[in-house]
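Protein chains get the first letters and strands the later ones, always in sequence-line order, with residue 1 at the start of each. Atom set for the values below is all heavy atoms of this structure, side chains included, hydrogens, waters and symmetry mates excluded.
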2 protein chains.
Amino acid sequence: MDALFLVWLVARSTEDLLDSALAPSGLTGDEYAIYSVLSAAPTITPTELARWLAAPATTVSSYVKRFEARGHVTREPNPDDRRSYRIRLTPKGRRAHRAAGALFAPLRTEVAERLGSRAEDALEVLLRLRTVVDGIRAGA
Amino acid sequence: MDALFLVWLVARSTEDLLDSALAPSGLTGDEYAIYSVLSAAPTITPTELARWLAAPATTVSSYVKRFEARGHVTREPNPDDRRSYRIRLTPKGRRAHRAAGALFAPLRTEVAERLGSRAEDALEVLLRLRTVVDGIRAGA
DNA sequence: CCCACATGGTGCGATCTCGCAGTACATCTG
DNA sequence: CAGATGTACTGCGAGATCGCACCATGTGGG
């Protein structure tokens, strides 16, 4: 068994679980995660967001357009760079995120319970994995 | 920090890393993983494959069509159920998988090295996560 | 100060993903 | 051994992802 392959399997299962659980909120698992990133920072540029998501710029561009059309996000001018802009979750966007969060919470709890004493390990391992993979991605 | 969210972040990074690394082989990260599942079992039905991938039947159907068009996969009648069929990797498909595997190997090694002593933990945690998530998905 | 080159974003189009609805076969019930 | 109900798969179409080519702006060298 290989760690990267397992990451992939776990991710598929997780994605499916979240998509089902969050469906009533109107957000997909991916979208919930993205909204979570957005709500963690008051404001963020597309490039920064792309780095967090490890997604291509074009995809992020589509996200912003979609979320903006929903009224969940606004663009503000970026004082530091006129080519760019800053993305901000609107109150409506925050509400959507909270609503999805309410559906997400029970899963979070359930997973923590089932992990039992290994919950701590799991967090540490995952953080380390992200560091390792990003390190390799960054070029060495 | 939440385990499920971290799973998602790690998966995005991993996917990006694999897509870049495997590009010369003509397979994406997803496809490499699927070919890996296919090569682990001599033969598999679409429904079984869908369970492994935690993917909807329709998506698996598209996969099979695509891989078949590449000559990487064949369909054989399923003696147990005439609605179904069995998917088998062709020699050409195996070759493609091996070629991608050659590009994958260095990453595997690199990740293992960087994880160091935690490599064992990582595997265990990931396996446990898959069990936990699948358990919840299965309904309780 | 200008120019060459690097970087931030987007329109467009090819390709994927996946829900819905439909068909074919299997299985269960009486 | 029907008839009803469930399960395996697929055509189709809507929406999502993302590479390529492109424009606008920033930056570093001479």
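- The side chain of B:T58 lies closest to D:dT10 when the candidates are D:dC9, D:dT10, C:dC12.
- Comparing C:dC18, D:dT10, C:dG9 by their closest approach to the side chain of B:S61 singles out D:dT10.
- The distance between atom CD of A:E31 and atom P of D:dG15, rounded to the nearest whole Å, is 13 Å.
- Distances from the side chain of B:A57 to the nucleotides D:dT10, C:dG8, D:dT17 place D:dT10 closest.
- Under a 3.5 Å cut-off, the side chain of B:R12 and the backbone N or O of A:A54 do not form any donor-acceptor pair.
- Atom CG of A:L49 is separated from atom P of C:dT7 by 20 Å (rounded to the nearest Å).
- With hydrogens and angles disregarded, no donor-acceptor distance shorter than 3.5 Å links the side chain of A:K65 to the backbone of A:V60.
- Summarising the geometry, the separation between CZ on B:R86 and P on D:dC9 is reported as 10 Å, rounded to the nearest angstrom.
- At least one donor-acceptor pair under 3.5 Å links the side chain of A:T90 to the backbone N or O of A:G71.
- Nearer to the 5' terminus of DNA chain D, by closest-nucleotide assignment, is the contact made by A:T59 (compared with the other of A:T59 and A:R82).
- Remark: A:Y85 is in phosphate contact with C:dT10, judged by side-chain N or O atoms under 4.0 Å from OP1 or OP2.
- Proximity of B:S84 to the phosphate of D:dC9: a side-chain N or O atom is located under 4.0 Å from OP1 or OP2.
- The side chain of B:R83 places no N or O atom within less than 4.0 Å of a non-bridging phosphate oxygen (OP1 or OP2) of C:dT23.
- The CD-P distance, from B:E76 to D:dA8, rounds to 19 Å in whole Å.
- Between B:R75 atom CZ and D:dA8 atom P there is a gap of 16 Å when expressed in whole angstrom units.
- Atom CD in B:E48 sits roughly 16 Å away from atom P in D:dT7 (whole-Å rounding).
- Panel note: side chain A:R130, backbone B:L9; a donor-acceptor pair is recorded below 3.5 Å.
- Atom CG in B:D81 sits about 19 Å away from atom P in C:dT23, given to the nearest Å.
- Aromatic ring orientation, A:Y32 versus A:F104: tilted (interplanar angle from 30° to 60°).
- Heavy-atom nearest nucleotides on DNA chain C were determined for A:T45 and for A:R12, and the one closer to the 5' end corresponds to A:T45.
- In this structure, A:L53 places its CG atom 16 Å from P of D:dA16, rounding to the nearest Å.
- Nearest-nucleotide mapping onto DNA chain D: of B:K65 and B:D19, the residue sitting toward the 5' end is B:K65.
- For B:Y63, a side-chain nitrogen or oxygen approaches OP1 or OP2 of C:dT17 to under 4.0 Å.
- Taking only side-chain nitrogens and oxygens, B:R66 never comes nearer than 4.0 Å to OP1 or OP2 of C:dT15.
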